[in-house]
Amino acid sequence: ECIRSEVTRVARASVNPAECEYVVIAGIQVHGALGQNFFWPGSVTKFVDGESVDLYEEYAASVAGRALNEWTKTDALALLQFKEREARLSAQRGDIAKLRATEIPLASVRDNRRRTLLHIAALCGQLRVVELLLERHPSLTSEVDLNDRTALELAVQSCHDKASEMIAEAG
């Protein structure tokens, strides 16, 4: 986060936003076995006319459709990232069946803004997902994202009254 913030600050000071747009990508380069290396982006942000646009989910969607080679198929990190992305999308869309069938711990899933699945469900007003997560992982009510916001705060800010009530009662 510190490096990304500094790169963004330098870019904003160096670039004339009226004449160009740019993207700041921050992440980790992983040096894998047999010379197979890959990059895991923690954040992908496009800057246009002084405004920032989060492109992380767009990036994740574009690479999710690519065929995995034999090395990548066995790579736990790549598989975990794929499963976490599926869980985030399921929480966003209200797909309870997929969330119940997932093979990863739902409480540990975070997006690039450190939002939990409860944050995402609250933000999108997905009441059945909120209910499922509160039943299975009530401690998620105290988790905060990068902006120190709880799922309750996101539900209130998004005007999802019923989700706000459910989370408040559980927390």
Side-chain angles (χ1 to χ4, degrees), residues 1 4 23 25-30 32 36 38-46 52-171:
E1 183 62 27
R4 185 191 59 77
V23 175
I25 302 172
I28 301 169
Q29 182 175 356
V30 178
Q36 297 290 323
F38 64 95
F39 178 75
W40 174 79
S43 68
V44 181
T45 308
K46 179 179 179 179
S52 64
V53 178
D54 184 357
L55 298 179
Y56 183 82
E57 287 301 328
E58 185 177 325
Y59 163 81
S62 71
V63 297
R66 292 166 58 192
L68 300 177
N69 63 34
E70 287 304 311
W71 181 80
T72 308
K73 283 182 185 176
T74 62
D75 182 62
L77 179 60
L79 290 173
L80 178 61
Q81 289 174 332
F82 176 77
K83 290 175 182 179
E84 286 183 346
R85 178 178 183 275
E86 289 298 310
R88 289 192 309 271
L89 291 174
S90 297
Q92 182 179 0
R93 296 174 181 156
D95 192 338
I96 294 291
K98 270 192 179 176
L99 286 172
R100 288 184 183 185
T102 191
E103 302 168 0
I104 58 174
L106 298 179
S108 66
V109 177
R110 303 287 185 279
D111 68 6
N112 62 321
R113 294 181 183 156
R114 297 236 1 107
R115 294 180 299 197
T116 67
L117 294 180
L118 184 59
H119 281 87
I120 294 167
L123 185 64
C124 298
Q126 296 295 348
L127 301 179
R128 291 178 31 211
V129 176
V130 169
E131 182 178 37
L132 172 73
L133 293 170
L134 291 174
E135 286 173 5
R136 290 188 179 183
H137 309 286
S139 64
L140 288 177
T141 59
S142 62
E143 296 285 329
V144 294
D145 65 10
L146 282 178
N147 296 316
D148 289 325
R149 294 176 302 183
T150 63
L152 175 59
E153 291 172 281
L154 290 181
V156 169
Q157 289 171 358
S158 302
C159 299
H160 294 299
D161 298 336
K162 182 62 178 166
S164 300
E165 290 173 19
M166 293 168 69
I167 296 168
E169 287 175 11

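Residues: numbered from 1 along the sequence shown. Hydrogens, waters and symmetry mates are skipped; everything else that's a heavy atom, side chains included, is used.
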Donor-acceptor pairs under 3.5 angstrom involving side-chain atoms of residues 125-142: please list them, not counting sequence neighbours.
| residue | atom | partner | partner atom | Å |
| --- | --- | --- | --- | --- |
| Gln126 | NE2 | Gln92 | O | 3.0 |
| Thr141 | OG1 | Pro138 | O | 3.0 |
| Ser142 | OG | Ser139 | O | 3.0 |

For this session: Determine whether Leu152 and Ser164 make a side-chain contact, defined as any pair of heavy atoms from C-beta on separated by less than 4.5 Å.
Result: yes
Seminar exercise, completed: The reported gap from CZ in Arg93 to SG in Cys124 (rounded to nearest 0.5 angstrom) is 10.5 Å
Problem set entry | Arg115 side chain reached by Leu123 side chain, heavy atoms, under 4.5 Å | yes
Problem set entry | Min side-chain heavy-atom separation Glu57-Arg88 under 4.5 Å | yes
Problem set entry | Residue Arg110 excluded, over 12 heavy atoms near CZ under 6.0 Å | yes
Exercise. Minimum heavy-atom separation for Ala122 to Ile167, with atom names?
Worked result: CB-CD1, 3.7 Å
Problem set entry | Glu153 side chain vs Thr150 backbone, donor-acceptor pair below 3.5 Å | yes
Problem set entry | Beyond-backbone contact of Asp54 with Asn112, side-chain heavy atoms, under 4.5 angstrom | yes
For this session: Say whether, by atom type as modelled, one donor and one acceptor occur between the side chain of His160 and the main chain of Ala121 under 3.5 angstrom.
Result: no
Exercise. Quick one: CG on Asp148 to CZ on Arg114, what's the gap to the nearest 0.5 Å?
Worked result: 11.0 Å
For this session: With the side chain counted from C-beta on, respond yes when Val109 and Thr102 share a heavy-atom pair under 4.5 Å apart, and no when they do not.
Result: no
Seminar exercise, completed: CG (Asp111) and OG (Ser43) are apart, to the nearest 0.5 Å, by 11.5 Å
Problem set entry | Check: Asn147 side chain, Arg149 main-chain N or O, donor-acceptor pair, under 3.5 Å | no
For this session: Nearest 0.5 Å please: distance from the CZ atom of Arg85 over to the OG atom of Ser90.
Result: 10.0 Å
